[in-house]
Structures are given as structure tokens and as C-alpha cells.
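Within every chain, numbering begins at 1; the chains are lettered A, B, ... in the order of the sequence lines, protein sequences first and strands thereafter.
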Amino acid sequence: MLGRIYAFALNTFREAIRKRFLIAIAILVVGTNMFAAVLGQMSLHEEARVARDVGLWSISFFGSMTAIILGVLLLYSEIQKRTIHTMLSKPVERYEFVLGKYLGMAFTLGLLVAVFTLAMASILFLRELEITDTMFKAVVLSYIEVMVVAAIAILFSSFSSPVLSGVLTGSLWFIGHRTPELVRIIDSAELGLFRVVARGTLFVVPDLHAFAISGSTVDGEHVSVHSSFVGWDYVMTAVGHGLFYIGLFLVLAIAIFSRRDFS
Amino acid sequence: MSAQDNRAETSDPADNRAETSDPADAPDTLASGPAPDQAVIWLDDLAKTYRAPFTGKRIEALRGISFAVGHGEVFGFLGPNGAGKTTSIRILMGLISATRGRAAIFGQPVPSRRARQRLGFLPEAPYFYEYLTATEMLDLTGRLFGMNRQACRKRAGELLERVGLEHARNIPLKRYSKGMLQRAGIAQALISDPDLVVLDEPLSGLDPAGRRDVLDIIRSLRDEDKTVFFSSHILTDVEHVSDRVAILASGRIRAIGALSELLDDRAQGVEVRLRLPDRAEPAEFGGSAIGAVEDNGEVVATLAPDDILEDYLARALEAGARVVSVIPRRQTLEELFIRCTRSDAEPGHGEVEVR
Ligand SMILES: Nc1ncnc2c1ncn2[C@@H]1O[C@H](COP(=O)(O)OP(=O)(O)O)[C@@H](O)[C@H]1O
Ligand SMILES: [Mg+2]
């Protein structure tokens, strides 16, 4: 079973890195970081802040966008190109196929996040700015976020078209980052209807904000990648949450995928 | 153990054929072929109704087919386009689910991963990951069968040679022609040295040399005591490799059996080729002969089985004709096929369609 999942994973990874699209994204990110470096030089004393902010933002943003694009196409292109007939007629279970493809995407996105991190770190290093473990905590959180987004994309694409899946996943990504605002609506004395909607949304939307906490308040304390950031215990808890979401979305995706006809 | 399961299944009293509206439709073809517990492939009243998206229109692709394929058989699954061949095969491969009926491979009800472990499959108009080379594709396939790297590599080398692709082994599949893809597809179907090989339209997309190669491979598989189940809408050469065939049309089995059983072995009449003196008519020589004049001035007369050849020839020679050839006509698979598939469009007219 693991052998087959690994075979699918390796193949998915191989497919992704042979695509020009990923190279384009990588170039875009390196370019963004260099632009940030130039921008940082113009803003006195803020150089490190700008480099870190832009670097981390591009991991989260470009990472999530790549996850959406790869995720919605992951199963769809197999069905569209009919390669799925060749694969699922082999002695494999459908869940092995989905898990293998997801794992392959995890490798791909991991490589991408590593490249992004390297771009950010080299700029900090070249400009002789401080590189702290805070940055790596933020990177780990971003990677988990990206993998949650990927799982959402796969879930949607198991029953809807790539475009619709992309739009839906993108919307969840947008709302998922605004969970504190939803909490504020619930806590406020606004109209009851708003509060019901906010509560419902909070219930179904994964809390992606938990992975991008810099600049907000955690447990009553202000956290920021520039000053005092969360500890590794927070990171580990967030990773646990992320894995829970990923597991949930993949189980649902597999349940739907396993019932489908491929004709 | 699996045979036990099967025996239990066939004697299942809950077996419900009530849905078959017309009693004439009731499948009786299980009589042909091996007993269910010995079958490699076994179908019982298998039906599939597709629902068209949006309109919701029902398309009855399979209307209850039953047959069994035994160990070591080369079984030709024949029928025109749209007959339901691919649908049946996809149900067997676990890609789609049947609307009604049952199917088993090696005694395992489908879909069965364990059964798929023992079979190799070539999909219709196969598509593979085009960014892979043939060697990489075979390696991936072998891995899914649990083979290790060395075994994959060794087997891949042998197979690429066998299908005539050794020169293209390291070229990405996106640069392959249709015929090359078909050959690569056959190689991947054989990677695990399977006991059963299922090929959906293995001859389509190939030039004559390619077809001959594929037929040679099918023959060699039979020599290796493998079971081969292949579909085709092209009849040329199929008769020379198949032990048995089933003819499918509009989702129903129209004929099944060994070709020697299906094709009437008796002469269907005689074809006499004559060179005539001017103005003579072949019909004048008697019998029920129908004549046709060919380009080269020769006349071909077809005599019915009850015509007396000797009398006809005597009269023809008397009239000054020269006999070029006398050939008994036998029913061909093609004629059987046309009769089977026509009878669907015009019920009852099937028998008169082909003499
Ligand atoms: N996914 C599908 N949805 C609707 N109709 C289908 C689908 N797949 C096949 N069909 C229809 O089912 C019938 C049988 O098709 P198929 O099994 O591919 O035939 P064959 O392989 O013998 O050419 C055809 O009429 C075809 O149009
Ligand atoms: Mg077909």
C-alpha cells in the first residue's frame, strides 16, 4: 500500500517539476523578494522589516495560489486526459491514488516553499540582516496553511469543475484569513442575523488566520515576526489543527472520488 | 476459496431476472463456455444505463449480458462502435459500476484489487503520462504491481523489444505516434506477466504491420497459456487468433461460441468464374445463378447450394464458355457479424439479410 502511494507521489512530483508553470512561480517569488530588497533600502531602518514581511507574505500568497491551481487540476487532468483509466485499472485502491497524488503535491509545494524561504533568507543574509528562528516558525505555519488549501482544492475538485473549485477555494482562503473579524462580529451587539451568519461561517471555514498570526493578538499578547513571536508550542498546536483539517478534507474527497464512475 | 464464493453466488435463489422485460432477451449464453467456478472472467446479466448530463436521458449501453471466459482462452469480444464493449470492460476493471447484474474476475466480484493484481489491461485509445518516457512509464506501472526496480527494468527492456520500441525507450511519450502509444500500451499491460490480459481495441490505430505484430503477441500469449480477452470492431484477422468470440450489438450478446460452431461450415453455394463468348448470359445456363460482369470481361456466377454444379458447367461449356475457377463459398465472420448487427435495426429481417 505504502509502495503504491509512494509511486503515485513520486510521479505527481515528477509531473509538477517538469511543468514550466512552477518555474514561472519560482521566478516570480524571487523577483518579488528582490523588489522588496530594493524597497527596503529606500525605507530607512525598515529594511529587515520589509524583507521579512514581503518574504513571508509571498510564501503564504504564492504558495496558496500554487496549491489552488495544482490542487484543482490534480484529479481533473487525470480524468480529462483519461490517464485515470490506466492508473485505476492497476492493482490499486482509489484512496491510494488520492493520497499518493496529495503526497506528491506536498513534496512539490514543500520544494516551492523551500525555494521561497531560500530567496528570502539569501536577501537577508546578503544585506547582513538578522535571520532568526522566528522566521522559520512562520515558514512552517505557512507551509501547513498551503497544504490545508491544497486539501480544500482537492475536495472541491472531487465533485466540481476546476474553475468553480478554484473560485470556491480562493474564497475560503480569503475568508479563512479573516476569522478574527468574524469573531468580532459575533461578540458585537450587531443584528442577530449577522451574528448567525458569522457563526455559521466560522463553523465551516477553516481558521487559516491561525497560520498567519504575525501582527495580531494571540492569547492577549501582540505577536509579530519582528518582535516577540509565538513559541514552538503554538506552532505545533497549529500544525496539529492543520493536519486535522487536511485529514478531514481528504477523507471527504476520497469518499466522493471512490463513488465516481470514470467513463 | 474464491471458487466456493462463486458457486454460492450462482445458486443464489434471490437471482432476480424479473427486470428483463422480454423473455427472449433473457441471457442463455452462460451455457457457452466454462462453468462459473472455473471461469477467468464471468458476467451474469450485466447491465449499465448511463444518464446523460443535463438532459438526464437514459442510455442503455448494456442490457444484460452473460458469458464466461475460461483459462487459456483467447476470447474476441466483437461488436460495432457503440455496442457496449468498452462499457463492459470498464465495469470489469472497476472503473464504473454496473446498474444491474454481477461480474467476477478469477472468482472475485468486481471491483477487486486482488483480481487486478493478476491481470494486465490496455485501455481503449490509451493515454499515458506524456511527460514520462516509455521506460519510466513501465517502471511506474511495475511499481503499482509491487515489482522492484531491477525486476521492472529487466522486464521493461524485454517488453519494449517485443513490441518494437527499443529505439524509443527514452523518448517522452508526448513525441510518440498513435501506433507507438498503442505498442507502449501493450507493453505496460504485460509488465507484471499477468495471467489474464484484457485489451480494448488493441488493433485500432495500427498500420497493417502493427496489427500483425499485435496479433503475433496475442498468439504468443496463448502459447504461454495466458487468457486473453480483447475487444474489436475490426474483424480482419480476428478469426485467426480467437478460440471463441462473442458478438455484441446494442448492449446484447447476439452470438457466442467457437468460430467453427458459429460459422456454417457447409458451403453456402459455389462461385463460378467464367469467360464467355459474346452475348451469352450466365443466367441462361440454368440454376438460380446470379451473374456479375467484372472489369476484365469475366463473369462471376453464384450458385445456390441446391443448384447442381455439374449441369450448370455442362451448359456453360456447351455455350462456349471457358471456366476460370470454381470456388465453394463459406460463411465468413464478416457476414455473421453483419447479420448479427443488422437484425437489431430490422427485427426479423436478419436471416434474409445475408445469403
Ligand atoms: N459516459 C457516458 N455517458 C453516456 N453515454 C455513454 C457513456 N459512455 C458510453 N456511452 C454510450 O454507451 C454506448 C456504448 O458505448 P461503448 O461501451 O463505448 O461502446 P463500444 O466500446 O462497443 O464502442 C454508446 O451508445 C455510447 O454512446
Ligand atoms: Mg469501445
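- The distance from atom CG of B:Leu144 to atom CD of A:Glu96, rounded to the nearest 0.5 Å, is 9.0 Å.
- Atom-to-atom distance recorded for B:Asp139:CG and A:Leu10:CG is 9.0 Å, nearest 0.5 angstrom.
- No hydrogens or angles considered: nothing links the side chains of A:Glu78 and B:Tyr127 as a donor-acceptor pair under 3.5 Å.
- Residue contact with chain B, scored on non-hydrogen atoms closer than 4.5 Å, involves the backbone and the side chain of A:Arg82 alike.
- Of the two parts of A:Ile5, neither the backbone nor the side chain holds a non-hydrogen atom closer than 4.5 Å to a non-hydrogen atom of chain B.
- When the candidates B:Arg113, B:Arg118, B:Gln188, B:Arg90 are compared by the number of heavy-atom contacts under 4.5 Å with chain A, B:Arg113 comes out ahead.
- Neither the backbone nor the side chain of B:Ala189 comes within less than 4.5 Å of any heavy atom in chain A.
- Two residues are said to be in side-chain contact when any heavy atoms from C-beta on lie closer than 4.5 Å; A:Arg14 and B:Leu132 meet this criterion.
- Contact annotation for B:Leu92: neither backbone nor side-chain heavy atoms come within less than 4.5 Å of a heavy atom of chain A.
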Exercise for the section: Determine, step by step, whether B:Tyr129 and A:Met87 satisfy the side chain to side chain contact (heavy atoms under 4.5 Å, CB included) criterion, reporting the C-alpha distance in whole Å, the side-chain angles of both residues, the deciding distance to 0.1 Å, and the verdict. Expected result: CA-CA 10 Å; B:Tyr129 299 115; A:Met87 288 299 114; 3.2 Å; yes

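- Under the side-chain contact (heavy atoms from CB on, under 4.5 Å) rule, A:Ser263 has a single partner from B:Thr86, B:Ile96, B:Ile91, which is B:Ile96.
- Counting non-hydrogen atoms of neighbouring residues, nucleotides and ligands closer than 6.0 angstrom, the CZ atom of A:Phe262 exceeds 12 such neighbours.
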Problem - side chain to side chain contact (heavy atoms under 4.5 Å, CB included) assessment of A:Lys90 paired with B:Arg143 - result: CA-CA 10 Å; A:Lys90 299 294 173 278; B:Arg143 293 308 180 91; over 6 Å; no

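- Interatomic distance, OH of B:Tyr131 versus CG of A:Asn11, reported as 3.5 Å (0.5 Å rounding).
- Counting non-hydrogen atoms of neighbouring residues, nucleotides and ligands closer than 6.0 angstrom, the CZ atom of B:Arg58 reaches no more than 12 such neighbours.
- Only the side chain of B:Pro123 comes within contact range of chain A, with heavy atoms under 4.5 Å apart.
- Heavy-atom pairs under 4.5 Å with chain B were tallied for A:Thr86, A:Ile84, A:Asp261; the largest tally goes to A:Asp261.
- The structure places CG of B:Leu95 at 12.5 Å from CZ of A:Arg260, a figure rounded to the nearest 0.5 Å.
- Annotation for B:Arg153: atom CZ does not count as buried by contact number, only 12 or fewer foreign heavy atoms lying within 6.0 Å.
- Of all non-hydrogen atoms in B:Gly94 and A:Arg94, the two that sit nearest each other are O-NH2, 2.9 Å.
- Taking all atoms of both residues into account, the shortest heavy-atom contact from A:Val92 to B:Arg116 is O-NH2, 2.6 Å.
- For CZ of A:Phe125, the number of neighbouring non-hydrogen atoms (other residues, nucleotides, ligands) closer than 6.0 Å is 12 at most.
- Between A:Arg18 atom CZ and B:Glu130 atom CD the span is 12.0 Å, to the nearest 0.5 Å.
- Between A:Leu88 and B:Phe121 there is no side-chain heavy-atom pair separated by less than 4.5 Å.
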Exercise for the section: Report the C-alpha distance between B:Asp200 and A:His85 in whole Å, list the side-chain angles of each, state the deciding distance to 0.1 Å, and finish with yes or no for side chain to side chain contact (heavy atoms under 4.5 Å, CB included). Expected result: CA-CA 12 Å; B:Asp200 196 356; A:His85 292 154; over 6 Å; no

